[in-house]
There are 2 protein chains.
Amino acid sequence: MGNITIKLLAKELNLSTAAISKALRDSHDISAVTKQRVLALAAKLDYTPNPYAGSLRRKKSKTIAVVLPEVADSFFSLAINGIEEVAIEKGYHVLIYLSHENFIREKAILKDFQSGRVDGVLLSISAETNDIQHIQDLCNKDVPLVFFDRVCNDIPTAKITTNDYESGYAATQHLIDNGCRNIALLSISNSLAISNKRMEGYQQALKDNGIEYDAANHLLCSNDVLKNNEEIKKILLRKKRPDGVIATVEKLTTAIYLVCKELQLNIPNQIKVISFSNQASANILNPSLTTITQPAFDMGKAAASILFKALEKKNFILKNESLVIPSTLTIRESSTNS
Amino acid sequence: MGNITIKLLAKELNLSTAAISKALRDSHDISAVTKQRVLALAAKLDYTPNPYAGSLRRKKSKTIAVVLPEVADSFFSLAINGIEEVAIEKGYHVLIYLSHENFIREKAILKDFQSGRVDGVLLSISAETNDIQHIQDLCNKDVPLVFFDRVCNDIPTAKITTNDYESGYAATQHLIDNGCRNIALLSISNSLAISNKRMEGYQQALKDNGIEYDAANHLLCSNDVLKNNEEIKKILLRKKRPDGVIATVEKLTTAIYLVCKELQLNIPNQIKVISFSNQASANILNPSLTTITQPAFDMGKAAASILFKALEKKNFILKNESLVIPSTLTIRESSTNS
DNA sequence: CTTGTTTACTTAAACGGTTAAGGAAATAAA
DNA sequence: TTTATTTCCTTAACCGTTTAAGTAAACAAG
């Protein structure tokens, strides 16, 4: 195909490749006239520089990686939007990787980044991740890393989170204010910081209201939709049936609604529901869903912005740049007395 | 940082870089003993090959690009999952780009691919795209391209679509079967093939049922949520108010439900609704939403699979590989008589 | 014993840029 | 007029890997 290279431009204009390179990068080593000639020919021949040649020489790829547990979730979809927006603006490219909540995959993905493939990484860890050696290893190779949402506290770097503890507390308090005394909490992990913080907020709110925490009210859900449904059903069929449910992740909402429908439990009269969710459809559910909405887009944007600061300025200390962007409670019908 | 390179391994083992390279790629130019020594040292030093050096030399990046209009939509989220699954399996990396339905951006994104940054492209065109020169240009540079969902018929390459015409027809017929005679169609483009095909299916179904097509029933929506709400409201306030609505894209569902709520129009009694949607929450809307569900995950997977075939086999003719994966109509409460 | 073949390497060029160092000509300063 | 400086280039090394071509030694065949 004989692609257009700097060499070709050089030969055509009787210049050295160095001159072409400099002209294209607007070095003031090159006369205005020559620059014009180079630019004109480059435009005419539709020259596009080979990114990998440059990356090899400069040891910079102008690429970042985004590692997510999954993307079939409004939160991560919106986060990607935020990330991409900043990346495009800064002239960076975005590689996307899904861990599918699988530790082995996450490890393999991060391992590859030791090659210099990317200049920086945005990471939201998988629910399975307990061992953090692979993250440690990456940081030891001086690859800038920013966590967002699902962070790992033992790694000293920037973390963009939302106020999970306060949100857990607020959700619980809201249900209590609306008469609930027996509140179930559905989560997806016992090790993720976000899960734990939401849980702690929940427990503190119970305590502050003189309600004893009942471990039977805590359900750890999996990736298996059917199994989750069964477990939720079991909880709602208990003698001491919960009068409120908090779903700490979006995807559990459907399960709750369906089980309630099946069991003919009226939301909100018999049981009140609140979800951590970014679904646009919360408003039009039956009944409309009270949500804790995370600032997904802004979190993505913030994470990317901070990463780019680290990429642009040297001596930028990532670990000083953590940021907490608050979630918002939107009260709708599913949690209030009609 | 003095990274581990082939050179370093070579020096350490008193071999040439060529020998190291060949040993690592298991060339039978190298003795078993030497291979073992190389592999052992590489493992010990945690050698990770520089991807860009290899890309430069081999003129292959082992990377594909996915260009989407947006990602805040269940369809594209699921499609990404499908694509990523295949890519990981094949050892490829996935660069993601969002056009935000903007022609200029799409053009700039594709232009960059002429550089050899990616070995192939998966594209779902923006709603603004009428001029296809930029796609043409990319194809002329022999970059394999596979369209999915939002295809461009004038480019002779593989296209993964769903049966939009039949789905439009089925949606319309379903509403007619349930008593509708005055059906509004909400779409987002007059130029996208998917929009046109759904529209044609709609028109043919009307015709086959002896219903005259009324242009006033066709609403072209934009990216402006508020404006869409206004327009939908206008249609539903017409003297000849529609008794059925088809949303040809997921995001218009919320608008319809909200406007109906505001106007106190009962779904499905006063107006029946059906949406092209992959929302998991369709089931728990009020009322539950009848949907045309696209095989998003499978379309992503299929598109990626076909692209990889083209990347792996030469003389693979992409344009012979188009595929239509049917959507499924799931009937729920929003479109049926109670 | 010579010739051909195989084995197991090495040498060096190549991929397409970037950049430090150098140099000739023009211009400015002494 | 001589020397210093600036301007505008070129030369060549380099980034890390791959690979075509070459070669020395060992072995086999005739």
Side-chain angles (χ1 to χ4, degrees), chain A residues 1-39 41-42 45-63 91 112-119 141, chain B residues 1-39 41-42 45-63 91 112-119 141:
Chain A
M1 199 182 51
N3 239 321
I4 316 292
T5 67
I6 266 187
K7 259 179 212 166
L8 200 136
L9 298 185
K11 186 184 285 181
E12 202 74 20
L13 295 174
N14 259 315
L15 288 168
S16 68
T17 60
I20 305 290
S21 176
K22 288 176 185 168
L24 291 172
R25 335 193 92 249
D26 203 25
S27 154
H28 61 146
D29 228 51
I30 303 293
S31 74
V33 182
T34 306
K35 274 182 194 168
Q36 275 316 310
R37 291 208 308 144
V38 172
L39 257 16
L41 186 66
L45 298 185
D46 204 19
Y47 166 74
T48 336
N50 181 308
Y52 299 133
S55 291
L56 181 58
R57 178 64 224 243
R58 297 152 153 271
K59 302 196 165 219
K60 286 277 166 269
S61 63
K62 279 280 184 178
T63 303
D112 176 69
F113 298 159
Q114 298 193 11
S115 66
R117 186 183 297 281
V118 295
D119 296 342
K141 293 257 179 176
Chain B
M1 201 181 50
N3 240 320
I4 316 292
T5 67
I6 269 187
K7 260 181 211 165
L8 199 136
L9 297 185
K11 186 184 286 180
E12 203 74 19
L13 294 174
N14 258 315
L15 288 168
S16 68
T17 61
I20 305 291
S21 176
K22 287 176 186 168
L24 292 172
R25 336 194 92 249
D26 203 26
S27 154
H28 61 144
D29 228 49
I30 303 293
S31 75
V33 182
T34 306
K35 274 182 194 168
Q36 276 315 310
R37 292 210 304 143
V38 172
L39 256 16
L41 186 66
L45 298 184
D46 204 21
Y47 165 73
T48 336
N50 181 308
Y52 300 132
S55 292
L56 181 59
R57 178 63 223 242
R58 297 152 153 272
K59 299 194 167 223
K60 287 277 166 269
S61 64
K62 281 277 184 180
T63 303
D112 176 68
F113 297 160
Q114 298 194 11
S115 66
R117 185 182 298 281
V118 295
D119 296 342
K141 293 257 178 175

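Below, chain A is the first sequence line, B the second, and so on; all start at residue 1.
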Would you indicate, yes or no, if D:dT10 has its OP1 or OP2 atom less than 4.0 angstrom from a side-chain nitrogen or oxygen of A:T17? no

Please check the phosphate of D:dC15 (OP1 and OP2 only) for any side-chain N or O of B:K7 closer than 4.0 Å. yes

So, is B:K59 near the phosphate of C:dG16, with a side-chain N or O under 4.0 Å from OP1 or OP2? yes

Quick one: label B:S31 by what it contacts on the DNA or RNA (base, sugar-phosphate, nothing), any heavy atom closer than 4.0 Å. sugar-phosphate

d(CG, A:N50; P, D:dG16) in whole Å: 16 Å

Have a look at A:L15 and say if it touches a base, only the backbone sugar-phosphate, or nothing, with a 4.0 Å heavy-atom cut-off. sugar-phosphate

Please compare A:N14 and A:R57 by the position of their nearest nucleotide in DNA chain D and report the one closer to 5'. A:N14

Can you confirm whether A:N50 sits close enough to B:L56 that some side-chain heavy atom of one is under 4.5 Å from a side-chain heavy atom of the other? yes

Has B:T34 got a side-chain N or O lying under 4.0 Å from the OP1 or OP2 atom of C:dA8? no

How long is the line joining CZ of A:R117 and P of D:dC15, in whole Å? 21 Å

Could you tell me whether the side chain of B:D26 reaches within less than 4.5 Å of the side chain of B:K35, counting heavy atoms only? yes

Rounded to the nearest angstrom, tell me the gap between atom CD1 in B:I4 and atom P in D:dC15. 15 Å

OP1 or OP2 of D:dT18 sitting under 4.0 Å from any side-chain N/O of B:S21? yes

Side-chain donor/acceptor contact of A:K22 with base of D:dT10 under 3.5 Å: yes

Distance below 4.0 Å between B:Y47 side-chain N/O and D:dT17 OP1 or OP2: yes

With side chains defined as the heavy atoms from C-beta onward, is the minimum distance between A:K141 and B:N3 less than 4.5 Å? yes

Starting at atom CG of B:L24, determine the distance to atom C1' of D:dT17, rounded to an integer number of angstrom. 10 Å

Starting at atom CG of B:D29, determine the distance to atom C1' of D:dA24, rounded to an integer number of angstrom. 14 Å

Whole-Å distance, B:I6 CD1 to C:dC9 P, equals 15 Å

Counting C-beta onward and ignoring hydrogens, is there a side-chain heavy-atom pair between B:I4 and B:D46 closer than 4.5 Å? no

Using heavy atoms to find the nearest nucleotide of DNA chain C for A:A18 and B:I20 separately, return the residue whose nucleotide is more 5′. B:I20

Can you tell me how far P of D:dC9 sits from NE2 of A:H28, to the nearest Å? 14 Å

A:L56 CG to D:dA13 C1', straight-line distance once rounded to whole Å: 13 Å

Counting only side-chain N and O atoms of B:T5, is one of them less than 4.0 Å from OP1 or OP2 of D:dG16? no

Look up atom OG1 in B:T34 and atom CG in B:L39, then write down how far apart they are to the nearest 0.5 Å. 11.5 Å

